[in-house]
Structure formats: C-alpha cells, structure tokens
Engineer: 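Please find one structure pasted underneath; my questions will follow.
Order of the sequence lines fixes the chain letters, A, B, ..., with proteins taken first and strands second; residue numbering starts at 1 for each chain.
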Protein chains: 2
Amino acid sequence: MSHTLGIRQAQKQKTRQAFLDAALALLEEQSLSSLGLREVTRAVGVAPTAFYRHFRSTADLGVALVDEALGSLHPMVRTTVATAGAERITRAVRLIADHVAAHPAHVRFIARERHGGVQPVREAIRDQLARFAEEVRAELAKDPEAAGWNEDDLLMLAHLYVDQMLITASLFLETLESPEPSEAERQRVAQVATRQMRLISLGRQHWLD
Amino acid sequence: MSHTLGIRQAQKQKTRQAFLDAALALLEEQSLSSLGLREVTRAVGVAPTAFYRHFRSTADLGVALVDEALGSLHPMVRTTVATAGAERITRAVRLIADHVAAHPAHVRFIARERHGGVQPVREAIRDQLARFAEEVRAELAKDPEAAGWNEDDLLMLAHLYVDQMLITASLFLETLESPEPSEAERQRVAQVATRQMRLISLGRQHWLD
DNA sequence: AATTCCGGAGAACAGTTGTTAACTGGATGA
DNA sequence: TCATCCAGTTAACAACTGTTCTCCGGAATT
C-alpha cells in the first residue's frame, strides 16, 4: 500500500515536520504575522536558507499547520455527532476536553489565527470549519428530529454547534493556562458547555412549533 | 463640568489619539504582536522616541485600544437587551450590523486580539466581555421568562448571547472584506444570526420543562 | 562507475527593529 | 519676568530581519 520513501524524501519530511513543530511551539506566545523565518530555522537548528526548501513563506507554513491541526479531526467529530440521544452532548464535550488536553498548541493556533493577520491562513481555517459544519449538518439530517427541517436551517444549526465547540475548546485552553490548573475549573467549563448545548438542543426540538 | 485642558495637555491628547488611530489602521492587515513601535510613529509622522511619552509598549497601546473599542459600547448593549419581546433580537442584530459598518477596524481588532499573542490585551478583552455578559444577565433577570432561573444558568445564557454577538459581528466584517460587498450578503448574515438567536430563545423558554 | 539531482550551508546585502542619552523650545506657574 | 516643566527631536547603538547567490556532499539515476 504505502510506498517506502527513499532516504532523501524521508529526511526531507523529517525536517519539514521539525519546522512545523518548532513553529507551533513558538506560536504559543505570539501570532503568525510576527513569526520570523530566521526565528524558526534557529529553533530547528538549521540554516535560514533551508526554510525555502520547504515553504515559500511563513504564511505558507501557517496553512500547512492548519491542515495538521484540523485535517485529522473530521472523522472524530463525525462519529461523535453521529451518536444519538442524550449521550451526544456528553461525548462531544469530552471529545473537546480530551483534544485540548492532548494538543493544546494546535487548538491555540487555530483560535488565534482564525481572525489573525494572515489572510491565506484565515481562509484555510474558514474552509476547514465550513467542512465541519457541513459534516455536522449531514449527521443531524439523519436524526428523526430533523424531520420537516429545510437544509438552510440545518446548516445554521450546524454552524451554531461548531462555533460553540470552538468557544468551549478555547475555554478549556484558558483552563490550562491558568497559574494553578485545577480539575475543578475544567469541570466547571464542561458543565457550562454541556448546558449551553442542551439549551440549543431544546431550541431545536421546539423549532417547528 | 469639563475642565478646559491647557494647550499642553490638549496637544498631548491629540497626539495620543493620533497614535491610536494610526495603530488601528495598521492593525487591519496584521496582529498586534507584529506591530512595530517605529511603524506607528512613522505613520503618525513623529519621532520614534515620542512613543514613550504616551505608552510603555505596543502592548500598552493595545490595552488602550480595547477600552476605546468596547468601553463606550456598554450602554448601547444594555438598552438593546432591555428591549422586551420579539423586537429584542431584531434590534440586537441591527445594532451589531450598524456598529460593524460604523467601526469596522475596532471590531476587527477585538476579534483578532481576543485570542491574539499579547497577554495583557487578551485579558483586557476578556474582562470587557465578562462585563457585557454580566450586564446582559442583569437585563435578562428582569424578564418574566427568567422566573425560576438560578443565577448561574442566567449567566451561562448571557455568555451564549455575547459570544453569538461576537460571531455575528465577525461575519458582518467578512461581508465588508469581500471583493464585492453586497447588501444581499449582509442580509443573509442578518437572517442566519436572527434565526440562531431565535433558536436560543426557544431553548430558553423550554429550559425549565 | 559516472552523472545528475537537491537539501542544506555559508556569506553577504540593505533595511529594519527597540532603547539609550542628551537636547530644544514653547507652555506653565511662581 | 524668570525658572521649571515636559512633549517631541536628534543621533547613535547593537541586534535583528528576508532574500540573493554560490557552493558542498551524499542520495538517486543512468
């Protein structure tokens, strides 16, 4: 199935990944528009000019980071939303909490650059989020509760859920940033997020009244 | 009432405002963490060192911009949310649309720096948004619909509304950024935002079932 | 075995950055 | 009127930036 790469290609991908990792680390404390090319190469331990072998610019690197951060998340969201009944919200909140705990830098990057100063990156994130919304809409459409709904309203609801997920992720992130990261604080965020989603679901149930 | 400032103080405030204006303009295409001190002074037409007479750093300037962008908005939000009945949502959406049209750069700045790379600015925005949420909660508490609600749930609902307002503002902004800003597109955003808020309100009405 | 390919190194470019110190000249207050 | 204040200036600092061109050495290809 997977063709074994030559020594050359393998090494190249390795350095490329080193660039992504280093950049992601540096972006914990600044935004992409202030990330310097030399800064990244220095962190990787490589000559400045080596950067151009992998990326056209830091904006280009940013777009690659968007794919890394969100690309592999689609199936997880899909299966989570596919869960029926009251468990759906519980699982969704847990998914978010776990993902933020496992990949805080990725989440921070997305939250930061969604409205950030680099246009191509903003667009890449917007496109990915639109994909999420579309996938959520498709799953919601399978629900018996979706009977009588038109596509526009379902997509509107899907966007509401997706935005809510992002807000929740960002709140979990702040939880980790606090000087004394407490489990209690995290529980509170989960509690509030769960109730907000429940409230939205309630609105959904009575939409056609 | 208002004490007339001396020539000196008046001139100083004038230059300070020039700094804020110039910075806001520059921040349309980058984030605060990449905004250079010299860049701003150049735009104002003043020596680099003059900057220090007004701000400790660009982060300091950013905090001042947060106050300028959100400080005067509290009464407007308050009176809008104070509106009772079905008109509340309509007026809220119109308030957002008008405000974005009147002060796009301010809105962009807030959306961008809310999760941006400069900690003091993030905190300033977070505090202001918490104030908004608290004020919205206080207004919602006056509703007859709020009977039986506890304070935590009301605050949760208020946060939901505030976040929703910000998302809507950001969407209106994208509307202006598009190559061909059309009234139709703006209407669509208003339409979706209105429905989302209606759905949330529906959920609110059935919360205590 | 000989040749091409190509990721990375090295040096140099002009231009930029934040911050310091000492200064000028008009407004301010005694 | 005279001394003080203080917003803004000038000059200089070392450090940093993105980008170009030339080169090297090992992998890949023939």
Engineer: Check whether any side-chain heavy atom of A/Q17 lies under 4.5 Å from a side-chain heavy atom of A/E68, and answer yes or no.
Structural biologist: yes

Engineer: Rounded off to whole Å, could you give me the CD-to-P distance for the A/Q17 and C/dG7 pair?
Structural biologist: 17 Å

Engineer: State which of C/dG18, D/dG18, D/dG8 makes the closest approach to the side chain of A/Y52.
Structural biologist: D/dG18

Engineer: Between A/E183 and A/R186, is the closest basic N to carboxylate O distance under 4.0 Å?
Structural biologist: yes

Engineer: Assess, by modelled atom type and distance only, whether the side chains of A/Q30 and A/S34 contain a donor and an acceptor separated by less than 3.5 Å.
Structural biologist: yes

Engineer: Rounded to whole Å, how long is the line connecting atom CD of A/Q11 with atom P of C/dG8?
Structural biologist: 7 Å

Engineer: Which range-with-range stems can be found for DNA chain C when each stem has 3 or more Watson-Crick or G-U pairs in a row and both distances sit under 3.5 Å?
Structural biologist: C:1-12 with D:19-30, C:14-17 with D:14-17, C:19-30 with D:1-12

Engineer: Looking at A/R108 and A/E28, is any side-chain nitrogen of the basic one under 4.0 Å from a carboxylate oxygen of the acidic one?
Structural biologist: yes

Engineer: Give a yes or no on this: more than 12 heavy atoms of other residues, nucleotides or ligands lie within 6.0 Å of atom CD of A/Q13.
Structural biologist: no

Engineer: From CZ of A/R16 over to P of C/dG8, roughly how many Å is that when rounded to an integer?
Structural biologist: 12 Å

Engineer: Nearest-nucleotide wise, let me know which of A/H54 and B/E39 is further upstream toward the 5' end of DNA chain C.
Structural biologist: A/H54

Engineer: Nearest to the B/P48 side chain among C/dA9, C/dG7, C/dT19, which nucleotide is it?
Structural biologist: C/dT19

Engineer: Whole angstroms only, please: what is the CG-P distance between A/D60 and D/dT19?
Structural biologist: 12 Å

Engineer: Nearest whole angstrom, please: distance from the P of C/dA21 to the CZ of B/R53.
Structural biologist: 13 Å

Engineer: What is the distance, to the nearest angstrom, from the CG atom on A/L37 to the P atom on D/dT20?
Structural biologist: 11 Å

Engineer: By nearest atom, which of the nucleotides C/dT19, D/dT19, C/dT16 is closest to the B/R42 side chain?
Structural biologist: C/dT16

Engineer: Ignoring hydrogens and angles, are the base of D/dT10 and the side chain of B/T49 linked by a donor-acceptor pair under 3.5 Å?
Structural biologist: yes

Engineer: Have B/T41 and B/Y52 got a donor and an acceptor in their side chains that come within less than 3.5 Å?
Structural biologist: no

Engineer: Does the protein touch nucleotides 25-30 of chain D at the base, only the backbone, or not at all? Give it as B, S and - per nucleotide, heavy atoms under 4.0 Å.
Structural biologist: -BBS--

Engineer: Quick one: closest heavy-atom pair of B/I110 and B/I125, and the distance?
Structural biologist: O-CD1, 3.9 Å

Engineer: Between the side chains of A/E123 and A/Q128, does any donor sit under 3.5 Å from an acceptor?
Structural biologist: no

Engineer: Could you tell me how far apart B/F51 (CZ) and D/dC6 (C1') are, to the nearest whole angstrom?
Structural biologist: 18 Å

Engineer: Let me know the distance between NZ of B/K12 and C1' of C/dA27, rounded to the nearest Å.
Structural biologist: 14 Å

Engineer: Out of C/dT19, C/dA9, D/dT19, which nucleotide sits closest to the side chain of B/R38?
Structural biologist: C/dT19

Engineer: Will you find, in the side chains of B/Q196 and B/Q191, an N or O donor that is under 3.5 Å from an N or O acceptor?
Structural biologist: no

Engineer: Within the structure shown, what part of the strands sits under 4.0 Å from A/T15 by heavy-atom distance: base, sugar-phosphate, or nothing?
Structural biologist: sugar-phosphate

Engineer: Verify, without hydrogens or angle tests, whether B/R112 (side chain) and B/L27 (backbone) share a donor-acceptor contact under 3.5 angstrom.
Structural biologist: yes

